[in-house]
Amino acid sequence: MAVSHCLSGNDQKKHWWLTNRKVVDKHIKDARSLMATQDKNEIVSALSLLDAALALSPRFEIAVELKARALLHLRRFREVADMLQDYIPSLKMSSDESASVSSENSSQRVKLLPSDDSSSDSPGRDPSFKCFSISELKKKVMAGLWKKCEKEGQWRYLVLGQACCHLGLMEDAMVLIQTGKRLASAAFRRKSVSLSEDSFSTAATAPPSTPPRNQTPFSESDNISQLLSHIKLLVRRRTAAIAALDAGLYSESIRHFSKIIDGRRSAPQGFLAECYMQRASAYKASGRIAESISDCNKTLALDPTCIQALDTRASIFETIRCLPDCLHDLEHLKLLYNTILRDRKLPGPVWKRHYVRYREIPGKLCALTAKIQQLKQRVASGETGNVDHYALIGLRRGCSRSELDRAHLLLCLRHKPDKATNFIDRCEFADERDLDSVKDRAKMSALLLYRLLQKGYSSIMATIIDEEAIMKQRKNAAAALQAAIQVQQTQYSIAKPEPETSRASTSNPSNVSSCKTSVKSSENKAATNVFQGVFCRDLAVVGNLLSQVGFNRPLPVKYEALSC
């Protein structure tokens with residue numbers, strides 16, 4: 001009875017396993033049929049079936065692959081990355097995983113040719129010697145490697161590479177897609193060699209009854225190739241831009257980043273956030289403060305937890321002495337540091353790229369706290385109204401009204417709040433649910449920047465109006481002085497007696513006396529003209545005084561002879 005009871009228990013366990021396997025196979029079959037329709041609702045239903053299948057068999061490779069492809073089709077890239085994060089090259093755990101996998105592969109590939117004692121060797125031969133065909137050995141080795149590659153699943157690299165591309169991890173996506181394509185082509189070559197006609201066995205030359213499970217359609221392969229080309233283009237441009245930024249060629253760096261941002265084809269959200277952040281640094285280094293603040297605003301709209309963007313914008317506000325906004329950003333950064341220390345991890349998922357390490361956070365938090373205290377003391381002392389609006393708008397001190405109007409018009413056209421969300425059209429979001437929050441953050445930050453620009457324009461325009469009023473007063477004073485001088489000249493010309501020339505027909509003086517009088521009058525007029533032209537060009541009053549004291553009288557000169 002005990003034996004029969006044990007047998008019945010084993011039969012029941014075997015029946016339970018077969019039942020679960022049948023249920024899993026049915027779920028997978030239904031999920032395949034639903035995913036073939038390419039309808040979003042049908043794929044959601046297929047995803048629920050795959051979850052049920054994975055609940056019964058968590059490591060079933062076909063169910064994992066179908067679930068990853070369903071999530072990729074639904075554009076739920078973060079879930080794909082979380083599910084396959086062990087294969088992301090940028091993570092530290094991936095190196096450990098690759099090392100362990102390589103060691104396992106080497107140990108398994110040694111055992112591809114098991115020792116077979118049932119071979120048809122003669123008893124007189126050495127048992128260590130075996131005669132076999134080279135083509136047969138090649139076929140067995142390639143078939144074993146193909147099975148190993150099939151077991152590992154090269155689909156992971158292609159699916160995860162596409163997900164990393166949409167998440168902004170361009171270098172990881174490029175490596176993964178290239179690895180997936182290389183594994184797929186190698187598997188195809190191995191399968192072609194293993195099914196070649198130079199084999200002596202007829203079983204090997206027979207075509208397989210079922211096609212390979214991971215056969216990739218031509219359209220999908222073409223799309224992957226185009227995606228890989230686009231990834232390489234973006235990575236190449238960003239590398240050139242960062243190299244120009246490091247070399248101090250800020251205009252060249254801005255040009256390369258603008259090609260990425262303003263390109264015809266949309267770029268992923270995370271990648272665009274990094275490009276905006278790097279271009280903000282280039283704008284800051286070149287002295288274009290308004291553009292740098294705008295790029296920081298766009299970076300924080302796409303990624304609110306970007307530590308580098310908050311730090312850069314706070315430093316810019318401190319540079320132009322806009323202390324309240326600087327304090328606001330520093331308080332936000334302090335809150336973010338406290339959250340990191342509380343959660344004991346950097347914000348976001350584990351595969352997200354950060355430009356700061358966790359062990360650096362405590363030191364940064366201490367320095368940030370001290371800086372906040374200093375800024376609060378400066379604000380309390382009354383330094384809030386001393387904003388450098390010239391640096392904000394990008395003008396020199398003493399600029400003209402036309403220069404201010406031109407710069408203000410360009411900045412308003414570029415940073416108008418109505419155009420604050422235009423960059424979203426060229427952004428590819430990892431999750432469409434983030435669209436509304438990104439728009440709200442972009443509009444709010446753009447409105448604050450626009451108000452700051454308007455305030456700077458009003459302040460500089462008031463300064464220019466005051467300078468124009470002072471210049472007008474100076475011109476009026478100079479004109480009044482010139483008018484007074486002209487009046488004095490007129491009065492002098494009227495008050496001075498003019499010599500009268502006698503005509504030759506008069507009867508009282510003689511001709512000789514008339515000639516002498518005319519010569520003397522001409523000499524006096526010439527002396528007067530020379531005197532006024534040389535010494536009293538603008539000061540007729542001085543000339544009048546000199547004439548009144550008799551400066552034009554001849555001086556008596558005594559001549560004495562010198563004896564030898």
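For this chain, numbers begin at 1 and follow the sequence in order.
- Here the side chains of Leu227 and Asn223 are not in contact, with every heavy-atom distance at 4.5 Å or above.
- With contacts defined as side-chain heavy-atom distances shorter than 4.5 Å, the pair Lys232/Gln178 qualifies.
- Formation of a donor-acceptor pair under 3.5 Å by the Thr299 side chain with backbone atoms of Asp295 is found in this model.
- Considering all non-hydrogen atoms of both residues, Thr421 and Lys439 come closest at CG2-O, 4.0 Å.
- The side-chain heavy atoms of Tyr450 and Leu411, taken from C-beta on, include no pair separated by under 4.5 Å.
- Applying the ring-ring contact (aromatic ring centres under 6.0 Å, His included) test to every pair with at least one member in residues 260-297, sequence neighbours left out, gives these pairs: Tyr276-Phe423.
- The backbone N or O of Ser33 lies less than 3.5 Å from no partner atom in the side chain of Thr37, so there is not a single donor-acceptor pair.
- Distance alone, capped at 3.5 Å, is enough to place a donor-acceptor pair between the Thr369 side chain and the Leu365 backbone.
- Side-chain contact between Lys40 and Leu74 is present, with at least one heavy-atom pair separated by less than 4.5 Å.
- Between atom CD1 of residue Ile289 and atom CG of residue Leu452 there is a gap of 11.0 Å, rounded to the nearest 0.5 Å.
- For the atom pair Arg414 CZ and Glu291 CD, the distance stands at 5.0 Å (nearest 0.5 Å).
- Met174 contributes atom CE, which lies 10.0 Å from atom OG1 of Thr179 (distance to the nearest 0.5 angstrom).
- Between His408 and Tyr457, the angle of the ring planes stays under 30°, which puts this pair in the parallel group of the 30/60° scheme.
- Separating the NZ atom in Lys259 from the CG atom in Leu233 is a distance of 9.5 Å, to the nearest 0.5 Å.
- Every side chain to side chain contact (heavy atoms under 4.5 Å, CB included) that Arg342 has, sequence neighbours left out, goes to Thr339.
- Closest approach of Ala290 to Leu453, counting heavy atoms only: CB-CD2, 4.2 Å.
- For the pair Glu331 and Leu335, the minimum side-chain heavy-atom distance is 4.5 Å or more.
- Taking 4.5 Å as the limit, some side-chain heavy atom of Lys298 sits within range of a side-chain heavy atom of Ser294.
- Atom CE of residue Met83 and atom CG of residue Leu71 lie 5.5 Å apart, to the nearest 0.5 angstrom.
- In plain terms, the two heavy atoms of Ala420 and Ala442 that are nearest each other are CB-O, 3.8 Å.
- Leu158 places a side-chain heavy atom less than 4.5 Å from the side chain of Lys181.
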**OP:** Could you give me the CA-CA distance, side-chain angles and deciding distance for Asp30 and Lys26, then say whether salt bridge (Lys or Arg N to Asp or Glu O under 4.0 Å) is met?
**Re:** CA-CA 6 Å; Asp30 295 340; Lys26 184 178 183 303; 3.2 Å; yes
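- In this structure, Ala68 and Trp155 approach most closely via the heavy-atom pair CB-CZ3, 3.7 Å.
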**OP:** Begin from the C-alpha positions of Ser315 and Lys284 and carry the test side-chain hydrogen bond (donor to acceptor under 3.5 Å, both in side chains) through to its verdict.
**Re:** CA-CA 10 Å; Ser315 64; Lys284 179 186 175 183; 2.8 Å; yes
**OP:** Kindly indicate, with the supporting measurements, whether the criterion side chain to side chain contact (heavy atoms under 4.5 Å, CB included) is fulfilled by Arg75 and Phe429.
**Re:** CA-CA 9 Å; Arg75 301 185 62 84; Phe429 288 92; over 6 Å; no
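- Counting only distance, with no hydrogens or angles, the side chain of Thr312 and the backbone of Ala309 share no donor-acceptor pair below 3.5 Å.
- In this structure, the separation between CG on Leu160 and SG on Cys165 is 11.5 Å, given to the nearest 0.5 Å.
- Residue Arg313 is tested with Asn297, Asp325, Leu333 for a side chain to side chain contact (heavy atoms under 4.5 Å, CB included); the sole match is Asn297.
- Residues passing the side-chain hydrogen bond (donor to acceptor under 3.5 Å, both in side chains) test with Arg182, sequence neighbours excluded: none.
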Subject >> Candidate pair Leu300 and Ser445, rule side chain to side chain contact (heavy atoms under 4.5 Å, CB included), full reasoning >> reply: CA-CA 9 Å; Leu300 292 171; Ser445 58; over 6 Å; no
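- Judged by distance alone, the side chain of Thr463 and the main-chain N or O of Ser459 form a donor-acceptor pair under 3.5 Å.
- In this view, Ser437 and Asp434, Arg441 satisfy the side chain to side chain contact (heavy atoms under 4.5 Å, CB included) rule, not counting sequence neighbours.
- Using a 4.0 Å cut-off between charged nitrogen and carboxylate oxygen, Arg396 and Glu403 count as a salt-bridge pair.
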Original post:
Taking it one step at a time, do Phe317 and Leu323 satisfy side chain to side chain contact (heavy atoms under 4.5 Å, CB included)?
Top reply: CA-CA 7 Å; Phe317 283 139; Leu323 300 184; over 6 Å; no
Which atom pairs, one a donor and one an acceptor, fall under 3.5 Å between side chains of residues 345-353 and the rest of the protein, sequence neighbours left out?
from: Lys345; atom 1: NZ; to: Gly348; atom 2: O; distance (Å): 3.4
from: Trp351; atom 1: NE1; to: Asp82; atom 2: OD1; distance (Å): 2.8
from: Lys352; atom 1: NZ; to: Asp303; atom 2: OD1; distance (Å): 3.0
from: Lys352; atom 1: NZ; to: Asp303; atom 2: OD2; distance (Å): 3.2
from: Lys352; atom 1: NZ; to: Thr305; atom 2: OG1; distance (Å): 2.9
from: Arg353; atom 1: NH1; to: Glu171; atom 2: OE1; distance (Å): 3.3
from: Arg353; atom 1: NH2; to: Glu171; atom 2: OE1; distance (Å): 3.3

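- The pair Arg255-Glu252 meets the salt-bridge criterion, with a side-chain N (NZ, NE, NH1 or NH2) lying under 4.0 Å from an Asp/Glu carboxylate O.
- Among pairs with a residue in residues 44-82, those fulfilling ring-ring contact (aromatic ring centres under 6.0 Å, His included) read Phe77-His166, at least two apart in sequence or across chains.
- Ion pairing between Lys67 and Glu79 fails under the 4.0 Å rule for side-chain N and carboxylate O.
- For the pair Glu428 and Arg265, the salt-bridge criterion is not met [side-chain N within less than 4.0 Å of a carboxylate O].
- For His230, the NE2 atom counts as densely surrounded, since its 6.0 Å shell holds more than 12 non-hydrogen atoms of other residues, nucleotides or ligands.
- In this structure the side chain of Arg32 reaches within 4.5 angstrom of the side chain of Ile62, judged on heavy atoms.
- Nearest heavy-atom pair, Tyr390 versus Gly398, reported as atom, atom and distance to 0.1 Å: CE2-N, 4.3 Å.
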**OP:** Apply side chain to side chain contact (heavy atoms under 4.5 Å, CB included) to the pair Arg238 and Ile242, showing each step before the final yes or no.
**Re:** CA-CA 6 Å; Arg238 188 179 68 174; Ile242 293 176; 4.0 Å; yes
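- With hydrogens and angles ignored, the 3.5 Å screen pairs no side-chain donor or acceptor of Ser253 with any backbone N or O of Leu249.
- At least one donor-acceptor pair closer than 3.5 Å links the side chain of Arg426 to the backbone N or O of Ile261.
- Contact detail for Ile393 and Gly456: the closest heavy-atom pair is CD1-C, 3.9 Å.
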